[in-house]
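Heads up: the structure comes next, in structure tokens.
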Amino acid sequence: MASQQQVKNYLAYWFLAGKKVYIKNGRETRQPTSVLQQEKFSSEFESCWEEILSAATGQCYLQGTEQTVEELLTSDWELNSCARCQMPIPLKHSGAKTGPCPCIDLENWPNDELPKPHLPIDNQKHLSQLSSRLKEEEANLDEIRANLETTNQKSPNFPKPQKSEKEQPRN
């Protein structure tokens with residue numbers, strides 16, 4: 001079963017690729033001009049999502065697909081990656097073929113020369129994870145240096161590491 005957040009992300013990806021959502025049983029369309037706003041979804045996208053979830057909006061479905069958003073939120077459906085373009089596509093649990101990927105009518109898709117659609121990125125969280133990894137690696141280097149020093153003290157004939165050209169004094 002696709003969660004509400006997964007379906008929301010699915011629509012965000014396809015909006016970023018230029019797709020629309022048909023609402024009110026196909027009588028109107030919605031396509032937010034902005035989907036991302038720094039590390040979160042834009043207010044325009046959030047408003048569109050709320051409209052899609054509203055019972056008053058009727059059936060809604062992504063351009064190029066037949067499954068309604070309401071159907072995607074049932075236990076019969078899950079979202080997986082398209083084998084061709086890696087974008088999320090709906091698949092029915094029964095194993096029945098559900099139609100082509102929504103990318104089928106996009107020209108020059110997938111285009112590896114353009115940034116791929118992505119979800120909002122929390123820059124602070126990303127930088128914090130990078131910082132943590134660097135601290136772990138530095139701790140590992142300290143441990144390696146300590147082990148090497150111990151080895152050198154216990155085994156004076158153990159080969160010494162060669163200094164790189166940058167570390168060697170110039171004549």
Side-chain angles (χ1 to χ4, degrees), residues 1-23 28-57 60-65 67-91 93 98 101-149 161 164-167:
M1 176 179 163
S3 70
Q4 201 172 73
Q5 186 63 47
Q6 288 172 316
V7 174
K8 182 178 181 180
N9 293 346
Y10 158 77
L11 292 178
Y13 275 113
W14 287 109
F15 281 144
L16 288 167
K19 291 287 186 171
K20 302 174 185 171
V21 165
Y22 289 93
I23 64 169
E28 295 181 22
T29 62
R30 297 289 184 269
Q31 183 181 21
T33 55
S34 69
V35 176
L36 304 175
Q37 186 175 23
Q38 297 176 349
E39 67 268 2
K40 61 183 182 177
F41 288 121
S42 70
S43 57
E44 183 182 10
F45 173 77
E46 292 288 354
S47 295
C48 182
W49 174 243
E50 290 301 320
E51 185 178 12
I52 289 168
L53 290 179
S54 169
T57 306
C60 305
Y61 54 94
L62 183 70
Q63 177 185 18
T65 66
Q67 305 81 32
T68 65
V69 170
E70 187 178 35
E71 288 173 328
L72 296 179
L73 293 171
T74 67
S75 61
D76 292 340
W77 294 88
E78 64 183 29
L79 295 170
N80 286 320
S81 296
C82 170
R84 180 174 164 241
C85 70
Q86 305 301 311
M87 294 281 279
I89 57 170
L91 292 175
H93 277 292
T98 56
C101 176
C103 72
I104 193 81
D105 60 352
L106 293 175
E107 291 185 32
N108 301 323
W109 190 264
N111 186 344
D112 293 332
E113 294 178 10
L114 295 175
K116 292 183 176 181
H118 62 86
L119 297 176
I121 298 170
D122 184 342
N123 288 333
Q124 289 300 320
K125 183 178 177 183
H126 181 70
L127 290 174
S128 176
Q129 290 170 339
L130 283 175
S131 176
S132 295
R133 279 187 23 216
L134 287 172
K135 286 177 185 172
E136 286 176 21
E137 288 177 16
E138 190 170 308
N140 288 341
L141 282 176
D142 289 343
E143 185 179 324
I144 290 170
R145 286 184 189 119
N147 288 339
L148 185 59
E149 188 174 312
S164 69
E165 289 182 25
K166 290 180 181 176
E167 294 175 322

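Quick caveat: nothing in here was measured; it's all calculated off a predicted structure.
Annotation: salt bridge (charged side-chain N to carboxylate O under 4.0 Å, His left out) contacts involving residues 132-142, sequence neighbours excluded, comprise D142-R145.
In this structure the side chain of K8 reaches within 4.5 angstrom of the side chain of E46, judged on heavy atoms. Side-chain contact between E71 and D76 is absent, with no heavy atoms from C-beta onward closer than 4.5 Å. I52 places none of its side-chain heavy atoms less than 4.5 Å from the side chain of T57. Contact check for T65 versus W14: no side-chain heavy atoms found under the 4.5 Å cut-off. Side-chain contact between F41 and L119: present, with at least one pair of heavy atoms (C-beta onward) separated by less than 4.5 Å. Between S75 and H93 the shortest side-chain heavy-atom distance does not fall below 4.5 Å. Put simply, the side chain of L36 does not reach to within 4.5 Å of the side chain of I121, judged on heavy atoms.
Taking all atoms of both residues into account, the shortest heavy-atom contact from G18 to Q31 is O-NE2, 3.0 Å. Minimum heavy-atom separation, S34 to S42: O-OG, 2.6 Å. Nearest approach of Q6 to L79, heavy atoms of both residues: O-CD1, 3.4 Å. The two residues V7 and A2 have their closest heavy-atom pair at CG2-CB, 3.8 Å. Between C48 and F15 the shortest heavy-atom distance is SG-CZ, 4.0 Å. For the residue pair I89 and C101, the shortest heavy atom distance occurs at CG2-SG, 3.4 Å.
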> What's the verdict on side-chain contact (heavy atoms from CB on, under 4.5 Å) for M87 and C103, showing C-alpha distance, side-chain angles and the deciding distance?
Replying inline: CA-CA 8 Å; M87 294 281 279; C103 72; 5.9 Å; no
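Taken to the nearest 0.5 Å, the CD1 atom of I144 stands 9.5 Å off from the CG atom of L148. To the nearest 0.5 Å, the span separating NZ on K19 from CD on Q63 amounts to 4.5 Å. With rounding to the nearest 0.5 angstrom, the OG atom of S132 is 11.0 Å from the CG atom of L127. Note: T68 OG1 to L62 CG = 12.0 Å, rounded to the nearest 0.5 Å. Considering CG of L16 and NZ of K116, their distance stands at 14.0 Å, rounded to 0.5 Å. Between the CH2 atom of W49 and the CD atom of Q5 there is a distance of 8.0 Å, given to the nearest 0.5 Å.
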Indicate every side-chain donor-acceptor pair of residues 106-113 with a distance under 3.5 Å to a residue at least two apart or in another chain.
unit_1, atom_1, unit_2, atom_2, d
N111, OD1, E113, N, 2.9

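Salt bridge status for E44 with R30: absent, with no side-chain N to carboxylate O gap under 4.0 Å.
The environment of CD in Q124 is sparse: at most 12 heavy-atom neighbours from other residues, nucleotides or ligands sit within 6.0 Å.
Side chain of W77 to main chain of V69: no donor-acceptor pair is present (N/O by atom type, distance under 3.5 Å, no hydrogens or angles).
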